[in-house]
Amino acid sequence: MAIQLSPHDRARLRWRARRGLLENDLILTRFLDAHEDTLTDVDVALLTELLEATDNELMDYLLGRKEPEGDLATPAMLDLIKRLREV
């Protein structure tokens with residue numbers, strides 16, 4: 001079953017991507033500027049889930065200092081984090 005996100009969910013993503021740490025904010029903003037129009041509903045759901053991490057955890061993931069564990073360590077999430085690191 002495909003995830004069907006509302007336009008509101010997609011619009012809220014950019015607002016939620018604003019973070020307390022400038023480094024996170026810059027990476028997320030660059031990623032959304034480059035890919036927002038082509039993100040699938042699954043990508044948006046994964047990014048929303050990733051944004052539940054604390055600022056320090058998120059920075060560690062984005063900079064490759066740490067890999068997600070547990071429920072976050074799915075192939076789809078690892079692929080999204082890889083794409084975030086490439087911007």
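Positions are given from 1, in the same order as the sequence printed here.
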**Study point:** Nearest heavy-atom neighbours spanning A73 and P68
**Key:** CB-O, 3.4 Å

Review point. Does a side-chain heavy-atom distance below 4.5 Å link R19 with L51?
Key: yes

Exercise for review: Compare every heavy atom of D55 with every heavy atom of G20, then report the nearest pair and how far apart it is.
Suggested key: N-OD2, 3.2 Å

Point to revise | Side chain to side chain, D33 and V87, heavy atoms closer than 4.5 Å | key: no

**Study point:** Smallest separation among heavy atoms of A17 and L28, with atom names
**Key:** O-CD1, 3.3 Å

Check your understanding: Checking side chain to side chain contact (heavy atoms under 4.5 Å, CB included) for the pair F31/L26: CA distance, chi angles, key distance, verdict?
Key -> CA-CA 9 Å; F31 179 80; L26 292 173; over 6 Å; no

Exercise for review: Give a yes or no answer on whether the side chain of R85 reaches the backbone of Y61 with a donor-acceptor pair at less than 3.5 Å.
Suggested key: yes

Review point. If you measure from NZ on K66 to CG on L63, what distance do you get to the nearest 0.5 Å?
Key: 13.0 Å

Exercise for review: State, with a plain yes or no, whether a side-chain heavy atom of R14 is found less than 4.5 Å away from one of T29.
Suggested key: yes

Revision key, fill the gap. One should read off an interatomic distance between L47 CG and L13 CG, to the nearest 0.5 angstrom, of 4.5 Å

**Study point:** Main-chain N/O of R65 paired with D60 side-chain donor or acceptor, under 3.5 Å
**Key:** no

Review point. Is there a path from L78 to L58 through hydrophobic residues (I, L, V, M, F, W, Y) whose side chains come within less than 4.5 Å of each other?
Key: no

Practice item. Please report the C-alpha distance between T38 and D43 in whole Å, then the side-chain angles of each, then the deciding distance to 0.1 Å, and finally whether the side chain to side chain contact (heavy atoms under 4.5 Å, CB included) criterion is met. Key: CA-CA 9 Å; T38 60; D43 291 333; over 6 Å; no

Practice item. May I ask whether M59 and M77 are part of the same hydrophobic cluster, defined by side-chain heavy atoms of I, L, V, M, F, W, Y residues being less than 4.5 angstrom apart, directly or through others? Key: yes

**Study point:** Gap between atom CD1 of I27 and atom CG of L62 - 0.5 Å precision
**Key:** 4.5 Å

Review point. If you measure from the Lys or Arg side-chain nitrogens to the Asp or Glu carboxylate oxygens, is any gap between R16 and E52 under 4.0 Å?
Key: yes

Review point. Is there side-chain contact between H35 and R83, with heavy atoms separated by less than 4.5 Å?
Key: no

Check your understanding: From L32 CG over to L39 CG, what is the distance, rounded to the nearest 0.5 angstrom?
Key -> 6.5 Å

